[in-house]
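Below is one structure, written out as structure tokens, with a few remarks after it.
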Amino acid sequence: MPAEPVTSPAPGIDAALRSAIAELATSAAGLEVTAERVVLSPPRQAGHGDLATNVAMMFAKQAGKPPRELAEAIAAGLPELLGDRIAGVEVAGPGFLNLTLGDAYYRDGLGVVAGAGDQWGGGTAAVSEHVNVEFVSANPTGPMHIGHARNAAYGDAIARLFAFHGHRVEREYYVNDFGSQVANLGASISARARGEAVPEGGYQGEYVQELAAQIPGAADASIDELSDAGIEAMLARARDTLDRFGVHFDRYFSERTLHDGEPSPFDIALARLRESGDLEQEDGAWWLRTERRGDDKDRVVIRASGEPTYFASDLAYLLDKVARGYDRLVFVLGADHHGYIGRMRAAVEAFGGDPEGVELLTMQLVHLVEGGEQVKMSKRAGQFVTLDDLVDMVGVDAARWYLLQRSHDTAVELDVELARKESSENPVFYVQYAHARACSVLTRVGPEAAALAGSLAGDGAAALAELPVSVEPAEKALVLKLGELPEVVGQASDRRAPHRIATYALELAQTFTAFYRDCKVAGAEGEGVEAWRAALTQATATTLATSLGLLGVSAPQSMERRELDADA
RNA sequence: GCGCCCGUAGCUCAGUGGAUAGAGCGCCUGCCUCCGGAGCAGGAAGUCGGAAGUUCGAAUCUUCCCGGGCGCGCCA
């Protein structure tokens with residue numbers, strides 16, 4: 001499947017700077033240095049300029065020259081190439097280049113950010129892939145718990161990231177509506193409907209009782225009828241829960257359909273594997289020879305009893321996906337499924353697909369904590385905290401934020417008390433508050449400033465460069481922070497790390513808050529100052545909304561109290 | 001035993017080759033004539049689990065060790 005090149009990646013605000021450095025480095029080092037190799041980073045130390053680069057050190061060895069010599073050569077050439085966009089260059093330490101940027105750099109930079117509007121930061125993927133993301137896929141035999149919540153938030157967030165970065169994405173949910181567990185659910189409902197105890201190994205939860213009450217004539221219905229009705233009802237619940245959580249799937253794939261028809265997709269998949277020699281009989285069972293394709297051991301597909309294993313359906317399902325021709329198949333799974341990667345890759349390879357395009361991402365556990373103690377109770381499931389419980393406790397925005405703010409491969413503790421707080425102690429509230437405050441400020445600026453801020457997607461962005469304003473330190477910091485988004489989105493997408501977006505959103509909110517403190521926007525004195533700051537505020541509001549949107553968290557125009565404080 | 005993940009401030013965690021390791025919470029000290037004080041500023045706090053190695057430079061890469069989680073079914 002040929003991947004399509006992205007036509008026009010948005011230029012970063014540092015595009016001119018990068019290419020100038022790359023050009024000078026190329027001639028100084030005597031070897032090809034591309035703009036992409038130039039790493040610009042904000043120095044931690046005050047006094048190290050506005051941006052720093054280590055290109056001289058990166059290429060010194062290869063060029064056979066001392067890093068400081070390369071740095072000096074680059075430093076000497078920069079003023080001519082960049083004019084008033086650069087105010088100073090310094091060679092420091094082992095060969096760092098510390099750059100002090102001119103006001104023109106910031107005016108141009110804000111023009112780039114503001115002109116891109118809500119597309120700022122997106123569309124920069126080097127290669128656009130068609131990606132299928134399968135996540136949640138909770139069995140429809142029970143309610144979704146806290147683990148599914150993290151899975152749902154994460155799967156949805158990486159899908160949003162992929163799409164924004166420039167990929168084509170499909171979200172898919174695999175419905176296990178086939179096999180013994182389904183009959184088990186039916187039998188459990190039947191028992192409850194007749195007022196009996198559920199059978200050994202049946203489903204005990206309160207929801208079974210609810211299903212029994214909700215299905216008409218359950219006491220007299222057959223197990224098969226109850227199985228079907230039960231699965232249907234549970235699936236409807238799952239959809240409602242996910243809908244409420246802001247997660248929408250493009251496709252719910254029914255396992256049952258794999259067994260429809262003659263021959264069924266299931267039969268066809270197994271026949272193909274027999275033909276290719278990957279599926280062989282031994283000791284009465286049929287084994288998929290995955291070990292020869294890199295798995296730890298071969299896997300049973302059909303038991304000696306003739307019963308297919310769970311993996312057999314997976315294979316038929318996998319063939320269906322492979323045949324659809326994606327560039328990449330992503331599976332979001334619980335931590336206990338990490339052992340699946342080997343067999344899944346081997347299976348894709350057996351079907352003629354590319355195992356490198358198969359990714360199994362595993363999630364670590366979530367612990368809910370309140371007042372220092374682990375939260376365990378649930379109104380619905382009896383002992384587990386359900387996804388609905390979580391949303392009831394802290395709301396969708398806080399739930400998604402706290403599930404996404406940490407890397408997927410680290411276990412997280414979610415402090416319910418903190419998540420519920422509506423004050424700046426709560427990061428998600430703080431970020432939303434910054435957005436609302438920016439929106440509020442924009443309603444207070446004068447007509448000229450409002451006109452400019454409102455026309456940034458059109459010719460307003462170009463007009464920014466003409467404003468005769470000198471750029472304040474807090475404004476510089478804010479423009480630079482806005483400028484980081486494309487890089488952050490790229491890394492978050494490539495590393496499947498939406499938590500980087502959360503970290504960025506918090507930093508941006510903090511940087512904006514400092515700007516708000518130091519620089520009055522509405523009614524600011526000086527020619528063009530109010531307009532310039534309004535444009536900066538508008539770009540920040542948009543970028544905050546974009547960042548929150550990637551996490552599935554809302555960006556309200558104004559914050560409203562959900563409840564009244566006793567002492568208010 | 002083998003495989004994967006984790007070990008960073010009192011707590012929860014960012015940071016996958018750059019300068020003096022960061023954030024949030026908690027703790028301490030300040031700040032309301034001011035566009036949203038539902039806020040803001042400052043401070044104390046770390047042998048980056050340990051040891052060796054690679055490098056001009058390591059929390060980051062390699063190896064070994066120690067601690068914790070998970071997985072290694074003809075279960076789903």
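In what follows, chains carry the letters A, B, and so on, assigned in the order in which the sequence lines appear, proteins first and then strands, with residues in each chain numbered from 1. What you are looking at is a predicted structure, and each value in this text was computed from that prediction instead of being measured. Note that these values count all heavy atoms, side chains included, but never hydrogens, waters or copies made by symmetry.
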Could you give the [atom1]-to-[atom2] distance, from [X] to [N], as a whole number of Å?
X       : N      : atom1 : atom2 : result
D518(A) : C34(B) : CG    : P     : 18 Å
Y402(A) : C25(B) : OH    : P     : 9 Å
H337(A) : G73(B) : NE2   : P     : 14 Å

Test item: side-chain donor near acceptor, [X] and [Y], under 3.5 Å:
X       : Y       : value
N139(A) : Q181(A) : yes
D409(A) : Q364(A) : no
Q281(A) : W287(A) : no

request  = Tell me which of Q181(A) and Y430(A) sits closer to the 5' end of RNA chain B, going by the nucleotide each one is nearest to.
outcome  = Y430(A)

ask   = Starting at the 5' end of RNA chain B and moving along, which residue's nearest nucleotide shows up first, K61(A) or E282(A)?
value = K61(A)

Are [X] and [Y] close enough for a salt bridge, meaning some N to O gap below 4.0 Å?
X       : Y       : answer
K297(A) : E291(A) : no
D298(A) : R289(A) : yes
E487(A) : R500(A) : no

Do the side-chain N or O atoms of [X] get closer than 4.0 angstrom to the phosphate oxygens (OP1, OP2) of [N]?
X       : N      : value
S424(A) : C40(B) : yes
S440(A) : G36(B) : yes
R437(A) : C35(B) : no

Which residues share a ring pair (Phe, Tyr, Trp, His ring centres under 6.0 Å) with H259(A), sequence neighbours left out = F178(A), F266(A)

Scan the side chains in residues 301-309 of chain A for donor-acceptor partners under 3.5 Å anywhere in the protein, sequence neighbours excluded, and list what turns up.
unit_1	atom_1	unit_2	atom_2	d
R303(A)	NH2	P308(A)	O	3.1
S305(A)	OG	E307(A)	N	3.3
T309(A)	OG1	V300(A)	O	3.0
T309(A)	OG1	V301(A)	O	3.2
T309(A)	OG1	F311(A)	N	3.3

query = Got a sec? Which of residues 296-304 of chain A come in under 4.0 Å of RNA chain B, heavy atoms?
reply = K297(A), V300(A), R303(A), A304(A)

query = Dot-bracket for RNA chain B, 5' to 3', with Watson-Crick and G-U pairs under 3.5 Å, [ ] for crossing pairs and | for other-strand pairs: what is it?
reply = (((((((..((((....[...)))).(((((.......))))).....(((((..]....))))))))))))....

query = According to the 5.5 Å centroid and 30° plane-angle thresholds, does Y310(A) stack upon the nucleobase of C75(B)?
reply = no

inquiry  = If you go through the side-chain atoms of H338(A), does one of them form a donor-acceptor pair with the base of G3(B) closer than 3.5 Å?
reply    = yes

query = Of all the nucleotides listed (U55(B), G36(B), A38(B)), which has the minimum atom distance to the side chain of V441(A)?
reply = G36(B)

I'd like a table of donor-acceptor pairs (distance under 3.5 Å, sequence neighbours excluded) in which one partner is a side-chain atom from residues 479-486 of chain A, with atom names and distances.
unit_1	atom_1	unit_2	atom_2	d
K481(A)	NZ	E484(A)	OE1	3.3
K481(A)	NZ	E484(A)	OE2	3.4
K481(A)	NZ	E507(A)	OE1	3.0

task = For residues D50(A) and L101(A), report the shortest heavy-atom separation together with the two atoms involved.
result = OD2-N, 2.8 Å

request  = Summarise protein proximity over nucleotides 10-23 of chain B in one line of letters, 5' to 3': B for base, S for sugar-phosphate only, - for none, counting protein heavy atoms closer than 4.0 Å.
outcome  = --BSSSB-BBB-SS

task = Using a 4.5 Å cut-off on heavy atoms from C-beta on, say whether the side chain of V369(A) contacts that of L414(A).
result = no

